[in-house]
Amino acid sequence: MITVLDHSLIKHKISIMRDKSTSTYIFKQNLDEIAKLMAYEVTRNVVIREKPIETPICPTVGYEIGQPIVLVPILRAGIGLVDGFRDIIPTAKIGHIGMYRNEETLEPIEYYARFPKCMPESLVIVTDPMLATGGSASAAITQIKQRGAKKIILVCLVGVPEGVARIQKDHPDVDITLAAMDDHLNEKGYIVPGLGDAGDRLFGTD
């Protein structure tokens with residue numbers, strides 16, 4: 001299943017991020033805020049369990065999250081979504097997987113991977129701002145499945161039909177949530193209109 005969030009605040013904030021004149025500080029600030037909004041939507045159906053509590057008035061039945069949640073940012077740009085998600089889900093554990101794209105072949109290359117032990121029973125949320133060719137995300141998801149993950153959601157800020165199609169072909173069991181669906185990839189494999197290189201804009205590198 002693919003979900004593109006139709007939310008006025010997200011549209012407003014992502015437009016600020018698209019603007020090439022936006023500073024690194026404002027770019028990160030808006031990314032954090034969008035991540036919080038996405039976290040709310042992505043966890044809408046997370047498993048919960050009943051928990052007896054005492055209100056100031058009387059005993060009642062409350063609820064608590066009933067399964068571990070693991071955030072797995074695809075390094076390096078995926079880190080940008082973690083702060084916003086963890087503000088909403090402070091108990092979430094964090095795994096890391098490092099993938100970079102060969103600029104000539106556009107194929108992903110893994111250089112780092114470390115995950116918590118609770119992957120099999122967890123809701124695993126994979127984060128990456130851009131879903132372009134889908135190669136890096138697909139390879140990362142493959143590695144995450146090899147660690148036993150069964151329920152995976154891919155969360156990206158901006159995607160294109162080509163990237164979505166790749167994930168749906170390689171991992172039809174993985175849900176995708178996007179803040180925006182853009183038009184296409186250009187000849188260099190960049191999203192159009194996109195927002196440029198998310199990692200460079202996030203960390204102030206060239």
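- A donor-acceptor contact closer than 3.5 angstrom is absent between the side chains of T3 and R44.
- Taking the side chain as every heavy atom from C-beta outward, L157 and L178 never approach each other to under 4.5 Å.
- Between D175 and K151 there is a salt bridge, with a side-chain nitrogen of the basic residue lying less than 4.0 Å from a carboxylate oxygen of the acidic one.
- Here the closest heavy-atom approach between residue V70 and residue M119 is recorded as CG1-SD, 3.9 Å.
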**Request:** Give the intermediate values and the outcome of side chain to side chain contact (heavy atoms under 4.5 Å, CB included) for residues L37 and L5.
**Result:** CA-CA 9 Å; L37 294 169; L5 300 179; over 6 Å; no
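- One N or O on the side chain of T127 and one on the backbone of G78 form a donor-acceptor pair closer than 3.5 Å.
- Within the 4.5 Å cutoff, the side chain of E64 has no heavy atoms near those of the I48 side chain.
- Rounded to the nearest 0.5 angstrom, I176 CD1 and I152 CD1 are separated by 12.0 Å.
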**Request:** Run the numbers on I34 and I14 for side chain to side chain contact (heavy atoms under 4.5 Å, CB included), then give the verdict.
**Result:** CA-CA 8 Å; I34 292 173; I14 205 168; 4.1 Å; yes
**Request:** Test side chain to side chain contact (heavy atoms under 4.5 Å, CB included) on C118 and K93 and set out the steps.
**Result:** CA-CA 9 Å; C118 60; K93 299 181 185 299; 3.6 Å; yes
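- The pair D6-K11 meets the salt-bridge criterion, with a side-chain N (NZ, NE, NH1 or NH2) lying under 4.0 Å from an Asp/Glu carboxylate O.
- Smallest separation of non-hydrogen atoms from A179 and M38: N-CE, 3.6 Å.
- When atom types are taken as modelled, the side chain of D182 and the backbone of G194 share a donor-acceptor pair closer than 3.5 angstrom.
- Of the possible donor and acceptor atoms, one in the side chain of S23 sits under 3.5 Å from a partner among the backbone N and O of I26.
- Between K36 atom NZ and D87 atom CG the span is 4.5 Å, to the nearest 0.5 Å.
- By the 4.5 Å heavy-atom criterion applied to side chains, Q67 and S122 are not counted as neighbours.
- Shortest non-hydrogen contact noted between R166 and T133 is CB-O, 3.5 Å.
- Enclosure of atom OH in Y111 by more than 12 non-hydrogen atoms of other residues, nucleotides or ligands within 6.0 angstrom is indicated.
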**Request:** Would you please test V160 and V164 for side chain to side chain contact (heavy atoms under 4.5 Å, CB included) and show each step?
**Result:** CA-CA 6 Å; V160 286; V164 169; over 6 Å; no
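- Minimum interatomic distance between Q168 and I2 (heavy atoms only, all atoms of both residues): NE2-CG2, 4.0 Å.
- With a 4.5 Å cut-off on side-chain heavy atoms, L195 and V158 count as touching.
- Across every non-hydrogen atom of L154 and V174, the tightest pair is N-CG1, 4.0 Å.
- Using a 4.0 Å cut-off between charged nitrogen and carboxylate oxygen, K28 and D32 count as a salt-bridge pair.
- The line from OG1 of T60 to CD1 of I57 is 11.5 Å long, rounded to the nearest 0.5 Å.
- The pair K145-D170 fails the salt-bridge criterion, with no side-chain N (NZ, NE, NH1 or NH2) lying under 4.0 Å from an Asp/Glu carboxylate O.
- Rounding to the nearest 0.5 angstrom, the gap separating the CZ atom in R18 from the CZ atom in R201 is 10.5 Å.
- Closest approach of E121 and P68 over heavy atoms only: O-CD, 3.5 Å.
- Under the 4.5 Å side-chain criterion, counting only non-hydrogen atoms from C-beta, L123 is not in contact with V47.
- In this structure, I167 and L131 have side chains that are in contact, with non-hydrogen atoms separated by less than 4.5 Å.
- I74 contributes atom CD1, which lies 11.5 Å from atom CD1 of I79 (distance to the nearest 0.5 angstrom).
- Taking 4.5 Å as the limit, some side-chain heavy atom of R86 sits within range of a side-chain heavy atom of I94.
- In this structure, NE2 on H7 lies 8.5 Å from OH on Y40, to the nearest 0.5 angstrom.
- Contact annotation: the side chain of H96 approaches that of Y112 to within less than 4.5 Å [non-hydrogen atoms, C-beta and beyond].
- Both I153 and V82 sit in one connected hydrophobic cluster of ILVMFWY residues. Membership requires side-chain heavy atoms under 4.5 Å apart, directly or through other members.
- For the pair H171 (side chain) and S138 (backbone), a donor-acceptor distance under 3.5 Å is present.
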